[in-house]
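The basis for the numbers below is simple: all heavy atoms, side chains too, and nothing from hydrogens, waters or symmetry mates.
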Amino acid sequence: MPKLIVAHAVTDRSLVDLSRVKSELGITGPEQDDLLRAWIQDDSDAVCEACGVAPDQKGRRTFLAEAVSISFSAAEAASGALVLPWRLPFDQESLVVSIAGTDVVAGGYTMDAGAGLLTIDGFGRWGDAVTVTGTVGWELQDVPAVLRNAVARLARLRWVTKRRDPTLKAKEVEGVGREEYWIGGTGPNGSSIPADVLRALQDAGLAAPKGW
């Protein structure tokens, strides 16, 4: 597997800002700010993991913009087409590709950002170890709505369950009706993220394809 190194990781991996979540929850005071920040950070990490975002050398995952270095050994580069670790989007203007420390001239390679593939033009073989550097991810203000909505939805679910037994799955009152609750673990493969949220992320092309 190629190594993904981030020298200067973002200090806050939150994919949505606190003010938006508070607004959606109808919260105006600062009393719950620390709790909500912690939820937003945890849920941002959960969304990135569910999407299959590649971790850096310390296991951190994010869709926020970071300068990355991706290293393929000579053996890994022998196949020709290099499959980049799943991180979106890759800023191609900042992209630098080198073979054994020597930069490949622009036009000497082709990057299919949507497919996450990097190929060398000409003979189709890299011939040695390959390093790819560049900026990957969005600035906070540019994060796609589907990502912001996913994190905000998870925070809202936490807030709704805050004052009841989190293991309570349903409540039925005779003559009134039955109410179902989300308790987590309802997504595919036991994910803690609701299935409809995962589908929205997949439909938006933010989740890594199977087998990535």
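Using a 4.5 Å cut-off between side-chain heavy atoms of Ile, Leu, Val, Met, Phe, Trp and Tyr, with links allowed through other members, I5 and V53 fall into different hydrophobic clusters. V96 and L118 fall into different hydrophobic clusters, defined by Ile, Leu, Val, Met, Phe, Trp and Tyr side-chain heavy atoms under 4.5 Å apart, directly or through other members.
The backbone N or O of V16 lies less than 3.5 Å from no partner atom in the side chain of S14, so there is not a single donor-acceptor pair. Looking only at distances, a side-chain donor or acceptor of E76 sits under 3.5 Å from a matching main-chain atom of S73. With S94 contributing its side chain and T135 its backbone, the two residues share a donor-acceptor pair below 3.5 Å.
Using bins of under 30°, 30° to 60° and over 60° for the plane-to-plane angle, the ring pair F63/W138 lands in the tilted bin.
Rounding to the nearest 0.5 Å gives a distance of 11.0 Å between CG of L36 and CD of Q41.
Between D43 and R153 there is no salt bridge, since no side-chain N of the basic residue sits under 4.0 Å from a carboxylate O of the acidic one. At a threshold of 4.0 Å, the pair D45-R13 counts as salt-bridged, since one of the basic side-chain nitrogens sits closer than that to a carboxylate oxygen. Salt-bridge check for D196 with R199: failed, with every basic side-chain N at 4.0 Å or more from each acidic carboxylate O.
Scanning for ring pair (Phe, Tyr, Trp, His ring centres under 6.0 Å) contacts around W86 gives W212, with sequence neighbours left out.
The one candidate from V151, I40, N149 that meets the side chain to side chain contact (heavy atoms under 4.5 Å, CB included) condition with L15 is V151.
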TODO: Kindly indicate, with the supporting measurements, whether the criterion salt bridge (Lys or Arg N to Asp or Glu O under 4.0 Å) is fulfilled by D33 and K22.
DONE: CA-CA 8 Å; D33 284 6; K22 289 179 67 174; 2.9 Å; yes
